[in-house]
Student: 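Before I ask anything, let me first share the structure, which is written out below as structure tokens.
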Amino acid sequence: MMEGPFVFRNTQPPPVNAAGVLAGCKICIQPNLSVRGWVTDACSHALKGFIAMEDATVIERLQKSGASIVGSCRMSELGFGIKGDASAQALAEGCDAVLVTDAFGESRILAAQNGLFGFKPSHGICSRRGLIGLIPSMESLAVLTRSADTIASILDVICGADPEDFSMPQDEVMPSFNNPPSSEVATIGIIQEALEMLNETEAAAFNEALREIERQGAEIRKISLPSFKLRRQVHQVVGAVEASSSAGKYDGVRYGYRAPGTSNWNEMYLKTRAECFGTLLKSYLFQGAYFQFKDYEAFVDASRIRHRLVEETRVAFESVDVLALPTRRAGKSAEDAQSVQDLYNAFEMTLFANVVGVPAVSLPGFLQCESQDLGLQLLSPRLKDADLLQYAASILNIQKGTR
Amino acid sequence: MMTQYEAVIGLEIHVQLNSPTKMFCDCPNAPGHHPNAHTCPICLWMPGAVPQFSQTVLEHAVTVCLALNAEIQEFSRFDQKVYYYPDLPKGFQLSQHHHPLSRHGWVDILDEAGKPKRLRLHHIHMEEDVAKLVHETEGHTKISLVDFNRAGAPLVEIVTEPDIRTPFEAMEFLRCLRAQIRYSGAAECSMENGTMRCDANISLRRAGTDEMNTKVEVKNMNSVRAVGNAIAYEMTRQAELLEQGKPIVLHTRLWDPDKNITTPMRGKFSGPCVPDPGVPPIELTQDWIAGMKTRLPEMPEQKRERFVRQYGIKDDEAVLISAEIETAEYFEDLVRQGATPRTGVQWITARLLPVLKERNQAMAQCRITPRRLAELLALTEREEISQNAAREVFAFMLDSDQSAAELIEKHGLKQIGDTQALESMVEDIMAAHPDAVADFRNGKNQALSFLIGQIMRSSQGKANPKVIKELLAEKMK
């Protein structure tokens with residue numbers, strides 16, 4: 001086992017395009033993003049020894065723009081939740097950015113835990129070709145950085161239509177990070193239903209941060225998203241079903257781990273799959289299979305509620321520029337999750353952006369609560385990613401000005 | 001026993017489209033020379049690969065739907081049909097369960113009584129094919145190998161309403177459906193080659209009621225006839241169970257073509273189907289659909305009308321000639337090669353089609369190409385051979401690549417049209433049968449036929465009967 005955060009280090013990086021916009025930028029990825037010839041096992045036994053055959057679209061683009069892909073760092077099994085702080089360590093060791101798969105809010109929680117910036121783009125604007133995902137409709141490739149300035153240039157390179165990824169919307173206008181709109185936050189929306197979840201100290205910290213922003217001229221407006229309360233159930237039912245499907249291909253037939261000593265393929269399937277997944281992920285896959293085989297109606301309901309939540313959110317954004325939320329609750333760690341419920345508890349403030357597919361960023365330093373930074377999470381409408389970065393920058397200016 | 005029951009039969013037909021590529025990748029949609037020759041990370045469903053739905057496949061699928069009078073849906077979407085089996089590399093099959101590409105549609109057939117009957121379709125959806133399992137032994141160990149050449153091949157599944165009542169109707173339905181689809185050019189539809197596969201759902205009810213009883217699914221029929229036989233067998237089997245008061249259980253049975261029976265296989269599969277998040281929904285505009293309709297080739301109905309108009313053949317002849325696209329194309333080629341349309345129709349319907357049926361051959365396998373048949377017909381037209389001799393030559397041509405002229409020469413079938421030679425034959429016969437000559441002169445016209453027959457016999461059919469008749473009439477005046 002290698003020491004440090006890396007599972008793979010690129011000791012012989014190819015010559016970079018020195019004239020590219022990301023020349024000199026060191027980027028670390030997770031081993032669920034394909035780089036030709038690299039072990040791409042998503043830290044899962046199911047993919048043991050799997051070597052990627054092709055570069056992911058995102059990797060092609062980064063290399064073309066001069067970035068050097070320095071290696072891949074440890075992640076949770078198939079990107080299910082968070083295990084360890086390898087990505088933060090990689091940044092501490094000199095990387096400029098880590099590309100993290102954000103299906104529950106991983107990039108934002110890691111940002112809040114480690115005093116970093118975490119940006120999850122709108123769903124569907126970053127190519128998934130070459131990504132070994134788990135929950136396709138919830139996850140996006142996200143950027144974890146030490147400085148907010150790096151985010152735009154990386155997103156500008158990795159986002160945008162990929163003719164080889166047919167799942168990307170074909171007729172949408174992609175955000176342009178190169179010529180961002182000069183946006184100042186005028187109105188910040190606060191979700192009533194989210195506020196009600198916070199305890200006294202969390203609420204106090206959150207309100208304190210809002211007052212700070214308000215003093216600089218932004219308007220704070222309380223809005224209601226009645227279906228917000230159901231985001232967790234929606235995520236869990238849809239997420240578990242998609243995960244169950246995605247993990248269906250791990251059968252030990254063509255690659256990865258195959259359980260020894262079985263006498264027919266049915267046994268081989270059962271034993272291989274029993275042995276290649278961790279307990280926590282396995283219980284999630286069970287839940288997904290349950291909804292697939294026994295309670296499809298629950299999936300239909302969840303999909304309907306998700307649609308409603310998307311619509312409520314769209315309406316809410318007609319009256320506010322951004323929505324603000326704490327990134328996490330105090331004292332709930334994804335790291336300690338012993339059950340699927342624990343995991344959902346840890347991500348209960350970040351799931352929303354994944355369910356409705358909007359961009360979200362977590363900013364450090366605004367929400368001190370009992371010596372913990374909860375992280376200030378800002379969300380904007382879908383495809384307004386560049387605006388969101390601008391709003392975040394203007395709020396960061398407030399922070400600089402008042403400290 | 002059967003008469004008190006009526007069968008309710010629905011068919012599910014898988015048709016492999018003949019698009020150049022597979023459904024979600026650029027691999028050739030064709031049998032490979034070696035196992036796994038036509039594969040890529042996408043159709044092997046390797047981690048990280050994303051499906052790329054082919055526009056050409058969509059167009060082929062829409063063409064099939066339009067050829068079967070189905071209503072193309074503006075919105076359709078792929079679902080994941082989840083089951084675990086080594087022939088399915090990703091644990092689910094992409095299929096359109098909740099939102100199929102088209103709904104409704106119909107196929108018109110003639111039933112046993114020759115009456116037209118319209119059999120309705122429920123829907124048609126797209127589906128990817130799965131891999132093929134090959135079971136072998138290595139030494140004493142049984143091994144299973146997976147061949148992915150077929151994995152991801154584009155299919156449409158045609159699901160009928162339970163309108164079919166008899167094995168005959170089921171077979172007619174399949175023949176007409178196949179003809180319509182072949183006409184569209186979007187698929188081969190060969191049950192023998194596996195590019196058309198048919199499962200049948202069969203239940204019985206008391207005649208005259210509209211009960212819907214438990215059905216049994218029958219698979220593994222590899223010809224249209226086998227579908228008819230399997231249904232007939234299953235109807236008898238179920239009727240016997242009902243007579244004995246035994247329940248019909250929902251399950252799947254396999255047709256055994258050697259023993260002509262069905263045997264139980266498993267409980268009927270019904271796995272979950274959840275929308276696939278990776279393949280975007282298919283949204284079609286009415287304009288696009290209308291454009292596809294205009295691109296549909298000439299279908300049997302239109303061809304029939306044109307044949308009557310253009311070639312002056314009778315309507316019922318045109319029906320026979322236009323039923324299958326291969327026949328229609330053969331006919332038009334034959335006419336282009338110089339045959340008169342009426343003669344062409346008669347030879348195709350009375351000679352060629354029965355022979356193909358008897359030999360269980362497809363038009364393309366037949367050695368008598370339109371060019372060769374046209375040559376034979378031209379020789380007949382010029383009276384170089386008799387009608388009877390032409391039939392003989394036709395039979396020889398079926399198993400030979402020699403030209404009609406060569407075969408006539410080889411078998412000495414050339415008609416004797418030379419008046420001098422015929423004149424001496426006539427004189428000989430008149431001399432040999434003075435009674436008949438006398439009878440004719442006394443007004444017995446049958447005597448003429450007798451004498452012609454005698455000459456034909458002695459000339460081994462080579463004499464031109466028309467000329468002989470004229471000569472006889474002349475001489476016996």
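Hydrogens, waters and symmetry mates play no part in the numbers below; they use all other heavy atoms, side chains included. Numbered from 1 within each chain, the chains take letters A, B, ... in sequence-line order.
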Student: Measure distances from Tyr85(B) to the heavy atoms of chain A and classify the residue's part below 4.5 Å as side chain, backbone, both or neither.
Tutor: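 Both backbone and side chain.
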Student: Taking Glu139(A) for the side chain and Leu134(A) for the main chain, is one N or O donor matched with an acceptor at less than 3.5 Å?
Tutor: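 Indeed, once roles are kept as given, a pair shorter than 3.5 Å links the two residues.
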Student: Taking heavy atoms only and a threshold strictly under 4.5 Å, list by residue number the residues of residues 297-306 of chain A that touch chain B; give 'none' if the list is empty.
Tutor: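 Listed by number, the contacting residues are Phe299(A).
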Student: Less than 4.5 Å to any heavy atom of chain B: does that hold for the side chain of Leu33(A), its backbone, both, or neither?
Tutor: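 Nothing of Leu33(A), per the 4.5 Å heavy-atom cut-off to chain B.
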Student: Quick check on the interface: out of Val238(A), Asp251(A), Ile132(A), who has the most heavy-atom pairs with chain B under 4.5 Å?
Tutor: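 The answer is Ile132(A).
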Student: Between Arg36(A) and Asp55(A), does any side-chain N to carboxylate O distance fall below 4.0 Å?
Tutor: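 No, Arg36(A) and Asp55(A) are not salt-bridged.
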Student: Using modelled atom types and a 3.5 Å cut-off, is there a donor and acceptor pairing between side-chain atoms of His14(B) and backbone atoms of Glu127(B)?
Tutor: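 Answer holds: no.
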Student: If I measure from the heavy atoms of chain A, does Pro51(B) come under 4.5 Å with its side chain, its backbone, both, or neither?
Tutor: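 For Pro51(B), the backbone is the part near chain A, not the side chain.
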Student: Does the pair Asp165(A) and Thr57(A) meet the rule for a side chain to side chain donor-acceptor pair (under 3.5 Å), with working shown?
Tutor: CA-CA 9 Å; Asp165(A) 181 356; Thr57(A) 299; over 6 Å; no
Student: Among Ser34(A), Pro31(A), Ser72(A), find the one that has a side-chain contact (heavy atoms from CB on, under 4.5 Å) with Thr40(A).
Tutor: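 Only one option passes, and that is Ser34(A).
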Student: Measure Phe92(B) against the heavy atoms of chain A and call it side chain, backbone, both or neither at under 4.5 Å.
Tutor: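 Side chain of Phe92(B) only, per the 4.5 Å heavy-atom cut-off to chain A.
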Student: Can you tell which part of Glu54(A) gets under 4.5 Å to a heavy atom of chain B, answering side chain, backbone, both or neither?
Tutor: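 Only the side chain of Glu54(A) comes within 4.5 Å of chain B.
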Student: Determine the option with the most heavy-atom pairs under 4.5 angstrom with chain B, choosing from Phe166(A), Tyr250(A), Tyr255(A).
Tutor: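 Highest number of heavy-atom pairs under 4.5 Å: Phe166(A).
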Student: In terms of heavy-atom proximity below 4.5 Å to chain B, should Gln292(A) be classed as side chain, backbone, both, or neither?
Tutor: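 The answer is both parts of Gln292(A).
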Student: Just checking heavy atoms, which of residues 137-161 of chain B are less than 4.5 Å from chain A?
Tutor: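 Under the 4.5 Å heavy-atom cut-off, Ser144(B), Phe148(B) qualify.
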Student: Heavy-atom distances under 4.5 Å only: say whether Gln80(B) touches chain A with side chain, backbone, both or neither.
Tutor: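 Side chain only.
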Student: Which residues from residues 262-275 of chain A are near chain B, with near meaning under 4.5 Å between non-hydrogen atoms?
Tutor: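 Within residues 262-275 of chain A, near chain B: Trp265(A), Tyr269(A), Arg273(A).
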Student: If you measure only the distance, is there a donor-acceptor pair under 3.5 Å linking the side chains of Thr195(B) and Gln16(B)?
Tutor: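 Not at all, the side chains of Thr195(B) and Gln16(B) share no donor-acceptor pair under 3.5 Å.
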Student: Who in residues 30-44 of chain B is close to chain A, using a strict under-4.5 Å heavy-atom cut-off?
Tutor: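 Residues in range: Pro41(B), Leu44(B).
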Student: So for Phe291(A), is it side chain, backbone, both, or neither that comes closer than 4.5 Å to the heavy atoms of chain B?
Tutor: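 Contact with chain B: none, neither part.
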Student: Whether Glu311(A) and Arg314(A) form a salt bridge (side-chain N of Lys/Arg under 4.0 Å from carboxylate O of Asp/Glu) is what I want to check.
Tutor: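 Yes, charged N to carboxylate O under 4.0 Å.
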